[in-house]
Amino acid sequence: MNLLLDTHVALWAITDSPKLPKMALELIESSKSSVWISAATVWEIAIKHSLGRGDMPVSSQDALRYFRDSGYGFLPVEPEHATAVEDLPAHHADPFDRILVAQALVEPMRLITHDAIVARYSNTIIKI
């Protein structure tokens, strides 16, 4: 199964956070799963970490290294992903969440999120 991790889930996974539910950890660690990180996630971490708001525990450079060390694949943002955002319902205003949803639907992949609003986009999204 191809899993796309939203930003918080990805950060929880690489920092061994207790916020990561056991079910999510089992999916991520399953030999049947290929775990993917969007370029948009790395971009979001870079922006928020540079703002110093405290909700990004690592820099984008450190996150990228941890993602690579964990064996995660990287998903670029393709033009098809960007155009798919236009067809999404207006459930969520966050552009990072919207591009992750579009990527998951286009590829297809199972997006893992903790955000109940993001989960409203499709029954293929895994809400943890």
Side-chain angles (χ1 to χ4, degrees):
M1 170 181 355
N2 283 315
L3 301 175
L4 181 61
L5 305 185
D6 86 357
T7 303
H8 284 95
V9 173
L11 288 171
W12 294 341
I14 63 170
T15 60
D16 295 323
S17 172
K19 293 180 181 179
L20 185 68
K22 182 179 177 185
M23 179 194 80
L25 183 60
E26 289 172 356
L27 285 170
I28 291 167
E29 291 181 343
S30 171
S31 62
K32 296 178 182 179
S33 295
S34 294
V35 179
W36 295 86
I37 302 296
S38 172
T41 291
V42 178
W43 182 24
E44 180 178 15
I45 293 168
I47 289 171
K48 291 182 177 178
H49 190 267
S50 70
L51 295 174
R53 296 188 337 201
D55 60 343
M56 289 297 143
V58 296
S59 70
S60 59
Q61 295 91 356
D62 287 342
L64 187 59
R65 187 177 73 252
Y66 294 139
F67 294 147
R68 283 193 173 121
D69 290 349
S70 296
Y72 299 165
F74 292 96
L75 180 64
V77 177
E78 300 289 351
E80 294 78 13
H81 302 148
T83 59
V85 170
E86 187 175 2
D87 296 328
L88 293 176
H91 297 319
H92 212 297
D94 185 309
F96 293 109
D97 287 329
R98 291 175 62 80
I99 195 67
L100 292 176
V101 169
Q103 287 182 295
L105 295 174
V106 167
E107 285 308 312
M109 293 180 166
R110 303 289 307 269
L111 176 62
I112 299 181
T113 184
H114 75 290
D115 188 325
I117 297 171
V118 169
R120 291 176 49 198
Y121 281 102
S122 171
N123 62 2
T124 63
I125 296 173
I126 301 169
K127 163 72 173 76
I128 58 166

- Do Ile117 and Ile126 share a hydrophobic cluster, counting only Ile, Leu, Val, Met, Phe, Trp and Tyr and linking them when any side-chain heavy atoms are less than 4.5 Å apart? no
- Task: Taking all non-hydrogen atoms of both residues into account, name the closest pair between Leu3 and Ser33 and its distance.
- Result: CD1-OG, 3.6 Å
- Item | Side-chain donor-acceptor contact under 3.5 Å, Thr124 with Ser122 | yes
- Task: May I have the step-by-step check of side chain to side chain contact (heavy atoms under 4.5 Å, CB included) for Asp115 and His92, ending in yes or no?
- Result: CA-CA 10 Å; Asp115 188 325; His92 212 297; 2.9 Å; yes
- Task: Find out if a path of hydrophobic residues (ILVMFWY) with successive side-chain heavy-atom gaps under 4.5 Å connects Trp12 to Val42.
- Result: yes
- Query: Is there a donor-acceptor pair under 3.5 Å between the side chain of Ser70 and the backbone N or O of Tyr66?
  - Reply: yes
- Message: Just verifying a value: how many Å separate Leu64 CG and Thr41 OG1, rounded to the nearest 0.5 Å?
- Response: 11.5 Å
- Query: Can you name the nearest heavy-atom pair linking Ala63 to Ile14, along with the distance?
  - Reply: CA-CD1, 4.0 Å
- Message: To check you understand the geometry: which heavy-atom pair defines the closest contact between Gln103 and Ser38, and what is its length?
- Response: OE1-OG, 2.6 Å
- Task: Apply side chain to side chain contact (heavy atoms under 4.5 Å, CB included) to Ile47 and Phe96, showing your working.
- Result: CA-CA 11 Å; Ile47 289 171; Phe96 293 109; 3.7 Å; yes
- Interatomic distance, Phe67 atom CZ to Ile37 atom CD1 [nearest 0.5 angstrom]: 4.5 Å
- Item | Pro21 backbone acceptor or donor facing Glu26 side chain under 3.5 Å | no
- Give the minimum heavy-atom separation between His49 and Met56, together with the two atoms involved. CD2-O, 3.3 Å
- Query: With the 4.5 Å side-chain cut-off for hydrophobic clustering, are Leu11 and Trp43 part of the same group?
  - Reply: no
- CD1-NE2 distance between Ile45 and His8, expressed to the nearest 0.5 angstrom: 9.0 Å
- Can you name the closest pair of heavy atoms from Pro76 and Ala39 and give their distance? CA-CB, 4.2 Å
- Heavy atoms only: give me the nearest Ala13-Ile28 pair and the separation to one decimal. CB-CD1, 4.1 Å
- Item | Path from Ile99 to Val9 over hydrophobic side-chain contacts below 4.5 Å | no
- Rounded distance [0.5 Å steps], OG1 in Thr113 versus CG in Asp97: 6.0 Å
- Transitive ILVMFWY cluster of Leu105, excluding itself - 4.5 Å side-chain cut-off: Leu4, Trp36, Leu75, Leu88, Leu100, Val101, Met109, Leu111, Val118, Tyr121, Ile125
- Point-to-point distance, once rounded to the nearest 0.5 Å, from NZ of Lys127 to CZ of Arg120: 13.0 Å
- Query: Which distance, rounded to the nearest 0.5 Å, do you find between the NZ of Lys32 and the CE of Met1?
  - Reply: 9.0 Å
